[in-house]
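To keep things clear, I will list the structure first and then write my remarks on it.
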Amino acid sequence: MSNFLDSLQVELIFSLFIMLCMGIFFVYAGKKFATADPTARPKGVVLVVETGIKMIYDYLKSIMPKKFEKNYYPYFAMLFIYLVIANLSGLIGFEAPTSNYSITLALTTITFCLIQFNAIKKQGLLSYIWGAVWPPTNLLSILSPLISLSMRLFGNILSGSILMYLVYQFTGFLSSFVINFNFLGPIIAPVLHCYFDIFSGCIQTLVFVTLSSILIMMENPD
């Protein structure tokens, strides 16, 4: 049992914790919605959730036609919320789950399967298989979204984490010449956190969701 626990990646543990917190929150929010007065102005949790979901849905409507709303909008809305929290979790001392390639690959695999499902639905199974294997270079184009989407998200989040680690190491080194305490880190790091954690984390979430939705839509545009 101890060997199993030791083999668990810390990013996976944090990812499970984030999903657990999201699950608890949405159950709580669901109960609030169920008891809310539909004729009254929304407030509190209801207002926050309504505003957030409306923003995400409005954005998805600008990319994907309304016919995708039932099957794909809820998935991308949940993906968007998870990625924002995961990418920003480094600000509260977590190891960002998306800095682990196994997690970004798992997320991209879902999108990849949805892309192939829509391609098969549009082309038919036999036509899809033939188009995938002939010419053989087509197989690379089919697999490329799986690699590019997962590596883009993983690489950007990981590079930000590494750069912030180096910043803290360097400020700690400079601070040691004055006092045995990293007093420069809290002065310099917040500005860099705004870019590498907040700005970059939100942008990478937007890029991942946007590219995923476009790739799915391209396989079933009619």
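- Between Leu184 and Phe170 the shortest side-chain heavy-atom distance does not fall below 4.5 Å.
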*Can Phe208 and Thr98 be said to form a side chain to side chain contact (heavy atoms under 4.5 Å, CB included), step by step?*
CA-CA 12 Å; Phe208 187 89; Thr98 42; over 6 Å; no
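- In this structure, Ser161 contributes its side chain and Ile157 its backbone to a donor-acceptor pair below 3.5 Å.
- Using modelled atom types, one side-chain atom of Ser159 and one backbone atom of Gly155 make a donor-acceptor pair closer than 3.5 Å.
- When hydrophobic clusters are built by joining Ile, Leu, Val, Met, Phe, Trp and Tyr residues whose side-chain heavy atoms come closer than 4.5 Å, directly or via intermediates, Leu125 is not grouped with Trp134.
- Checking Tyr57 against Glu69 by side-chain atom types alone, no donor-acceptor pair falls below 3.5 Å.
- Residues Leu105 and Leu79 are members of separate hydrophobic clusters, defined by side-chain heavy-atom contacts under 4.5 angstrom among Ile, Leu, Val, Met, Phe, Trp and Tyr.
- Looking only at side-chain heavy atoms (C-beta outward), Met22 and Met78 come within less than 4.5 Å of each other.
- Contact annotation: the side chain of Phe154 never approaches that of Thr108 to less than 4.5 Å [non-hydrogen atoms, C-beta and beyond].
- Both Tyr73 and Leu114 are part of a single hydrophobic cluster, where members link through side-chain heavy atoms under 4.5 Å apart.
- Sorted by first and then second residue, the ring pair (Phe, Tyr, Trp, His ring centres under 6.0 Å) pairs with a member in residues 21-43 form an empty list; sequence neighbours excluded.
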Which pairs would a plain distance check flag for residues 194-202, meaning a side-chain donor or acceptor within less than 3.5 Å of a matching protein atom at least two apart in sequence or in another chain?
{"from": "Asp197", "atom 1": "OD2", "to": "His193", "atom 2": "ND1", "distance (Å)": "2.4"}

*For Ile216 and Phe76, what are the C-alpha separation, side-chain angles and deciding distance, and is it a side chain to side chain contact (heavy atoms under 4.5 Å, CB included)?*
CA-CA 11 Å; Ile216 291 172; Phe76 282 118; 3.5 Å; yes
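- Linking ILVMFWY residues whenever their side-chain heavy atoms come closer than 4.5 Å, directly or via other members, places Val84 and Val49 in the same cluster.
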_Trace of the side chain to side chain contact (heavy atoms under 4.5 Å, CB included) decision for Phe112 with Ile142_ = CA-CA 9 Å; Phe112 177 77; Ile142 291 175; 4.1 Å; yes
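- Ile56 places a side-chain heavy atom less than 4.5 Å from the side chain of Ile81.
- Asn118 and Tyr72 share a side-chain donor-acceptor pair at under 3.5 Å.
- Under the 4.5 Å side-chain criterion, counting only non-hydrogen atoms from C-beta, Thr111 is in contact with Leu149.
- Here the side chains of Leu146 and Thr109 are in contact, with some heavy-atom distance below 4.5 Å.
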*asked:* side chain to side chain contact (heavy atoms under 4.5 Å, CB included) for Asn100 and Leu12? Distances and angles first, verdict last.
replied: CA-CA 8 Å; Asn100 186 312; Leu12 177 60; 5.9 Å; no
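- Leu60 is not listed as a side-chain neighbour of Phe68, based on a closest heavy-atom distance of 4.5 Å or more.
- At a cut-off of 3.5 Å, with distance as the only test, a side-chain donor of Ser15 or Tyr82 sits close to an acceptor on the other residue.
- Both Tyr59 and Phe80 are assigned to one and the same hydrophobic cluster, defined by single-linkage of ILVMFWY side chains at heavy-atom distances under 4.5 Å.
- Counting heavy atoms from C-beta on, the side chains of Phe183 and Thr171 never come closer than 4.5 Å.
- Side-chain N or O atoms of Ser127 include none that pairs as donor or acceptor with a backbone N or O of Gly124 at under 3.5 Å.
- With Ser212 contributing its side chain and Val209 its backbone, the two residues share no donor-acceptor pair below 3.5 Å.
- Here the side chain of Asn180 pairs no donor or acceptor atom with the backbone of Ser176 at under 3.5 angstrom.
- At distances below 3.5 Å, at least one donor-acceptor pair connects side-chain atoms of Ser144 with backbone N or O atoms of Ser141.
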